[in-house]
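Report on one structure; see the data block that follows.
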Amino acid sequence: MSFQAYLDNIETKTGLTPRQFIDLAHEKGFDETTKATPIVQWLADDYGLGRGHAMALVHVITKGPQISDKHVDSGSTHSDPSNVLWLDGKATNPNP
């Protein structure tokens, strides 16, 4: 599953876009300095997300939408079409 697919699946499951999760995380005091464990625990407790999906959100909460070029058009199951993730909802993604 691509990185973007993880984020899209989270939106399907929770009804919240990645951007909304970033805002909620900041309200809870999570930012780029926060370790993964408390964010993963919050996402599991409040939204029922498993570790893989939670780690996708940890990335965008702590590092933003940029991902490594090694994941772009790599031909692997984790291949993404762009090195910038779309955070504003799958319905508005210009690169479906």
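All figures in this text were calculated on a predicted structure; none of them were measured in a lab.
Under the rule for a side chain to side chain donor-acceptor pair (under 3.5 Å), the partners of Asp69 that lie at least two apart in sequence or sit in another chain are Asn83. With sequence neighbours excluded, the residues forming a side chain to side chain contact (heavy atoms under 4.5 Å, CB included) with Ala5 are Met1, Ser2, listed by chain and number. For Thr17, the side chain to side chain donor-acceptor pair (under 3.5 Å) partners at least two apart in sequence or on another chain are Gln20. Scanning for side chain to side chain donor-acceptor pair (under 3.5 Å) contacts around Thr12 gives Lys90, with sequence neighbours left out.
At distances below 3.5 Å, not a single donor-acceptor pair connects side-chain atoms of Gln4 with backbone N or O atoms of Asp80.
Counting heavy atoms from C-beta outward, Phe21 and Leu43 have side chains that approach closer than 4.5 Å. The closest side-chain heavy-atom distance from Ile10 to Leu16 is not below 4.5 Å. Side-chain contact check for Pro18 versus Trp86: every heavy-atom pair is 4.5 Å or farther apart.
Among residue pairs with one or both ends in residues 2-25, those qualifying as salt bridge (charged side-chain N to carboxylate O under 4.0 Å, His left out) are Arg19-Asp88; sequence neighbours excluded.
In this structure, Asn95 CG and Leu85 CG are separated by 11.0 Å, a value rounded to the nearest 0.5 Å.
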Mind listing the side-chain donor-acceptor pairs of residues 24-33 below 3.5 Å, one per line with the distance, residues two or more places apart or on another chain?
unit_1: Asp31; atom_1: OD1; unit_2: Thr33; atom_2: N; d: 2.8
unit_1: Asp31; atom_1: OD1; unit_2: Thr33; atom_2: OG1; d: 2.5

Please list every donor-acceptor pair under 3.5 Å in which a side-chain atom of residues 46-59 meets a protein atom from a residue at least two apart or in another chain.
unit_1: Asp46; atom_1: OD2; unit_2: Trp42; atom_2: NE1; d: 3.1
unit_1: His59; atom_1: NE2; unit_2: Gln66; atom_2: O; d: 2.9

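Under the 4.5 Å side-chain heavy-atom criterion for ILVMFWY residues, a single connected hydrophobic cluster contains both Ile67 and Leu7.
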